[in-house]
Amino acid sequence: MLQIHNNLTKRKESFVPIDPKNVRMYVCGMTVYDLCHLGHARVLVVFDVVYRYLRQVYGAEQVTYVRNVTDIDDKIIARANERGEKINQLTDHYIKEMVRDADALGVQHPDEEPRATRHMDEIIAMIQTLIDKGYAYQAGNGGTLGDVYYDVSHFEHYGQLSGKNTDDLRAGARVEVDAAKQDPLDFVLWKAAKPGEPYWESPWGKGRPGWHIECSAMATCCLGNHFDIHGGGLDLQFPHHENEIAQSEAATGEKFVNVWMHNGFVRIDEEKMSKSLGNFFTIREVLEKYKPEVVRFFILNSHYRSPLNYSDKHLDEAKAALTTLYNALRGVTPGEGGDVQAYTARFDAAMDDDFNTPEAIAVLFELAREINRLRNNDALVTGQLAAELMRLGRCLGLLQKSPGEYFEEIEVTEQMIAARASAGASIDIKVIRADEKKKIEKLIEQRSLARENKNWAESDRIRDELAAQGVVLEDGPQGTTWRRE
RNA sequence: GGCUGAGUGGCAGAGUGGCUAUGCAGCGGACUGCAAAUCCGUGUACCUCGGUUCGACUCCGGGCUCAGCCUCCA
């Protein structure tokens with residue numbers, strides 16, 4: 001049975017869906033004013049795997065995954081102003097870029113991707129409900145008329161998720177005191193628009209939502225007042241998720257979420273990667289050096305709640321490990337059936353244990369070794385094991401390409417295209433790839449001829465020539481195979 | 001200061017009250033024209049000090065160290 005570490009109770013618990021016919025999960029997605037960095041990649045990949053596994057357990061049609069986009073906030077306004085763009089020009093652009101990155105990483109699309117600006121009615125309605133129920137107030141003297149705040153003192157369970165109590169929070173020197181707030185812990189639900197700022201009409205005048213309310217509104221709108229899983233990066237635990245609980249439960253009078261999941265940080269040199277520290281890598285930058293599947297493997301080779309240290313060395317290791325896995329699949333024709341239960345069971349047991357992907361990956365390597373042991377003796381069983389390896393890999397979003405695709409695919413650069421264009425050759429990427437492949441295979445043929453004649457010098461020369469292009473040759477009983485490094 | 005989480009072999013990273021994680025790198029062997037890939041074999045690993053126990057890396061307590069949250073951040 002699936003066990004999940006619930007951050008609300010700080011314990012691993014058996015996962016019992018509210019409705020097994022409709023398991024519902026909401027994950028806080030991006031605020032779209034810049035390219036996604038590796039921290040975002042981790043959220044995308046981790047919850048993609050959660051989604052895939054839930055679909056496997058409960059059925060593909062029985063899971064609803066919602067990942068929102070926050071497309072209005074102070075940083076977006078600031079960035080749009082810097083660039084002299086309209087905010088939706090900016091946000092549309094970065095949403096596209098985000099989708100590109102997510103697709104590259106093999107992240108499946110959520111069932112819904114609501115945007116804050118398209119749920120303004122629900123947001124305003126929820127704020128109104130909070131005011132009506134006495135959980136929110138308009139700023140009085142000293143505040144900007146039209147600001148609406150959430151009254152934390154009215155919400156009994158405030159601090160449960162983050163393990164904080166309101167007295168400690170008030171005592172903390174870092175809580176900024178704002179004259180408009182009745183209590184320093186109160187947070188803004190609706191911000192009055194300053195001149196020149198984008199705004200929506202509301203009962204409190206022109207303005208925009210505060211940071212947390214949009215998630216409460218979108219989550220309850222898409223998934224109902226009470227749903228199963230809410231996820232996001234650990235840095236959202238406080239105050240964002242704490243405030244979401246306060247808003248949602250006060251407004252609906254129902255429990256908001258059963259299970260809270262937070263993935264750990266990506267670190268660089270033992271320090272959190274973050275925008276404020278400026279020590280982040282964008283997904284785009286990393287994908288210039290490593291295949292997306294390598295990045296995905298790197299992320300999943302650590303448990304989602306552990307810190308993940310980024311370095312080229314670790315990515316190189318991930319690449320080597322993935323190569324081993326794909327090597328096992330080479331030259332094998334997958335076949336159904338066979339006695340693979342032991343592997344399935346161990347893999348599922350690992351996933352059932354709070355999505356223990358490193359343990360699940362270990363099972364993949366054991367399959368690979370067994371395939372390599374048997375490949376020259378038992379084609380039938382080898383094929384069955386290979387099919388199992390790919391099937392388990394699918395649950396992690398790994399090993400879904402053919403080994404040929406994985407090893408032979410070349411990066412077609414702008415320069416290559418330009419060079420070919422000026423030479424009058426086709427600039428169709430498929431044609432370029434085919435041409436490159438032909439060139440390599442021609443050289444391999446020449447080398448095979450040399451080897452038949454025991455002309456080792458020529459044979460090695462060709463091998464070195466290809467190696468210089470990043471092509472590795474492997475001589476086997478069935479001839480020579482090649483792969484790109 | 002308050003509150004979390006973590007400290008495992010050369011590196012990365014799971015896990016368990018007594019029994020092989022796994023990967024990368026290393027070493028020895030097989031295979032190979034040589035390689036590569038692969039297979040076989042190989043490494044006195046569990047921060048520290050006490051306690052519980054027949055037995056603890058694994059449970060409990062103290063200490064040390066690291067990271068994070070308490071302010072925007074996935």
Side-chain angles (χ1 to χ4, degrees), chain A residues 7 10 27-31 34 36-47 67 73-75 78 159 162-165 167-176 185 211 231-240 242 262-267 270-277 280 297-298 301-303 305-309 311 313-325 327-328 330-331 346 350 353 356-366 368-376 451 454-457 459-460 463-464 467 472-477 480-483 485:
Chain A
N7 235 1
K10 319 291 177 212
V27 171
C28 286
M30 271 30 97
T31 300
D34 207 344
C36 291
H37 57 68
L38 267 185
H40 299 117
R42 193 174 192 191
V43 183
L44 290 168
V45 169
V46 160
F47 287 101
R67 192 185 64 216
D73 113 306
D74 291 1
K75 285 184 178 166
S162 53
K164 301 177 190 311
N165 67 61
D167 291 342
D168 286 348
L169 284 168
R170 283 190 193 96
R174 298 168 81 187
V175 175
E176 206 180 310
L185 301 188
W211 174 33
L234 189 57
D235 42 3
L236 296 183
Q237 183 180 34
F238 188 90
H240 185 57
E242 194 71 70
H262 294 105
N263 63 273
F265 294 122
V266 177
R267 295 201 250 175
E270 303 298 319
E271 192 174 53
K272 178 184 167 185
M273 175 189 287
S274 80
K275 295 207 167 175
S276 41
L277 290 168
F280 62 89
F297 182 96
F298 165 68
N301 202 32
S302 291
H303 186 84
R305 290 195 284 117
S306 304
L308 179 64
N309 252 315
S311 76
K313 178 171 167 280
H314 297 154
L315 267 296
D316 287 339
E317 284 184 9
K319 178 180 163 185
L322 240 202
T323 298
T324 301
L325 254 18
N327 262 332
R330 299 181 93 184
R346 287 192 46 213
D353 184 13
N356 191 337
T357 52
E359 183 82 31
I361 286 174
V363 177
L364 263 36
F365 281 99
E366 282 160 31
R369 191 193 301 128
E370 199 57 24
I371 289 168
N372 287 328
R373 272 188 198 130
L374 295 175
R375 64 192 314 142
N376 294 323
R451 291 183 73 221
K454 300 206 188 302
N455 184 352
W456 308 128
S459 159
D460 290 351
R463 185 165 63 195
D464 290 346
V472 178
L473 299 190
E474 287 158 3
D475 298 327
T480 301
T481 55
W482 63 278
R483 63 185 164 87
E485 253 192 342

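Proteins come first, then strands; the chains are lettered A, B, ... in the order of their sequence lines, and each starts at number 1. It should be emphasised that the depicted structure is a prediction, and the values quoted were computed from it without experimental measurement.
Among the protein residues, Arg42(A) comes within range of no part of the nucleic acid, since none of its heavy atoms lies under 4.0 Å from any strand. Heavy atoms of Lys272(A) sit under 4.0 angstrom from at least one base atom.
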### Task
Go along nucleotides 8-15 of chain B 5' to 3' and tag each nucleotide: B for a protein heavy atom under 4.0 Å from its base, S when only backbone or sugar atoms are that close, - otherwise.
---BSSSS
## Note on the structure
Counting primed atoms, P, OP1 and OP2 as sugar-phosphate and everything else as base, the B/S/- map of nucleotides 27-36 of chain B against protein heavy atoms under 4.0 Å is ------BBBB
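Residues forming a salt bridge (Lys or Arg N to Asp or Glu O under 4.0 Å) with Arg67(A) (at least two apart in sequence, or on another chain): Glu113(A). By the salt bridge (Lys or Arg N to Asp or Glu O under 4.0 Å) test, Lys10(A) pairs with no residue at all, sequence neighbours left out. Under the salt bridge (Lys or Arg N to Asp or Glu O under 4.0 Å) criterion, Glu485(A) pairs with no residue at all, not counting sequence neighbours.
When every heavy atom of His262(A) is checked against every heavy atom of Gly233(A), the shortest pair comes out as CD2-O, 3.5 Å. Between Arg451(A) and Ser459(A) the shortest heavy-atom distance is CG-OG, 3.4 Å.
An OP1 or OP2 oxygen of A21(B) is reached within less than 4.0 angstrom by no side-chain nitrogen or oxygen of Arg346(A). Taking 4.0 angstrom as the limit, Thr324(A) places none of its side-chain polar atoms (N or O) nearer than this to OP1 or OP2 of G23(B). The phosphate of G23(B) (OP1 or OP2) has a side-chain N or O of Arg369(A) nearer than 4.0 angstrom. Here Asn263(A) does not reach the OP1 or OP2 of A74(B): none of its side-chain N or O atoms lies under 4.0 Å away.
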### Message
Evaluate Lys319(A) against Asp316(A) for salt bridge (Lys or Arg N to Asp or Glu O under 4.0 Å), listing each step before the verdict.
### Response
CA-CA 5 Å; Lys319(A) 178 180 163 185; Asp316(A) 287 339; 5.6 Å; no
### Task
Please step through salt bridge (Lys or Arg N to Asp or Glu O under 4.0 Å) for the pair Arg369(A) and Glu366(A), ending with a clear verdict.
CA-CA 5 Å; Arg369(A) 191 193 301 128; Glu366(A) 282 160 31; over 6 Å; no
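Only the C1' atoms considered, G68(B) is 26 Å distant from C60(B), to the nearest whole Å. The C1' atoms of C46(B) and U4(B) are separated by 23 Å, rounded to the nearest whole Å. The same atom, P, is picked in G26(B) and in U32(B); the two are 23 Å apart, to the nearest Å. Remark: the separation of the C1' atoms in G33(B) and U22(B) is 35 Å, to the nearest Å. Separation of the C1' atoms belonging to C59(B) and G2(B) is 27 Å when rounded to the nearest angstrom. G7(B) and U42(B) have their P atoms separated by 28 Å, given to the nearest Å.
The CZ atom of Arg67(A) sits 11 Å away from the C1' atom of A74(B) (whole-angstrom rounding). If you measure from atom CG of Leu234(A) to atom C1' of G68(B), you get 7 Å, rounded to the nearest angstrom. We find that NE2 of His240(A) is positioned 17 Å from C1' of C70(B), with the value rounded to whole Å. We find that CZ of Phe265(A) is positioned 15 Å from C1' of C66(B), with the value rounded to whole Å. Nucleotide G23(B) holds its C1' atom 7 Å from the CZ atom of Phe297(A), rounded to whole Å. Atom pair Leu325(A):CG and U22(B):P shows a separation of 14 Å (rounding to whole Å applied). Look at NE2 on His37(A): it is 16 Å from P on C72(B), rounded to the nearest Å. One interatomic measurement links the two molecules: CE of Met273(A) to C1' of C72(B), which rounds to 17 Å at whole-angstrom precision.
Closest to the Val266(A) side chain, of the nucleotides A21(B), A74(B), G68(B), is A74(B).
Using a 4.5 Å heavy-atom cutoff, the side chains of Leu44(A) and Met30(A) are in contact. With a 4.5 Å cut-off on side-chain heavy atoms, Arg330(A) and Arg483(A) count as touching.
Place Glu271(A) and Gly264(A) on RNA chain B by their nearest nucleotides, and Glu271(A) ends up nearer the 5' end.
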With the criterion being N/O to N/O and under 3.5 Å, what pairs connect the protein with nucleotides 3-6 of chain B, and how long is each?
unit_1: C3(B); atom_1: O2'; unit_2: Gly163(A); atom_2: O; d: 3.2

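A side-chain donor-acceptor contact under 3.5 Å links Arg42(A) to the backbone of Phe265(A).
Judged by Watson-Crick or G-U wobble contacts below 3.5 Å, the nucleotide G43(B) has no partner.
Partner of Glu359(A) under the side-chain contact (heavy atoms from CB on, under 4.5 Å) criterion, chosen from Ile361(A), Asn356(A), Thr357(A): Asn356(A).
Taking the six-membered ring where tryptophan is involved, the planes of Phe280(A) and His37(A) are tilted, since the angle between them lies from 30° to 60°.
Between the side chains of His314(A) and Ser311(A), at least one donor N or O sits under 3.5 Å from an acceptor N or O.
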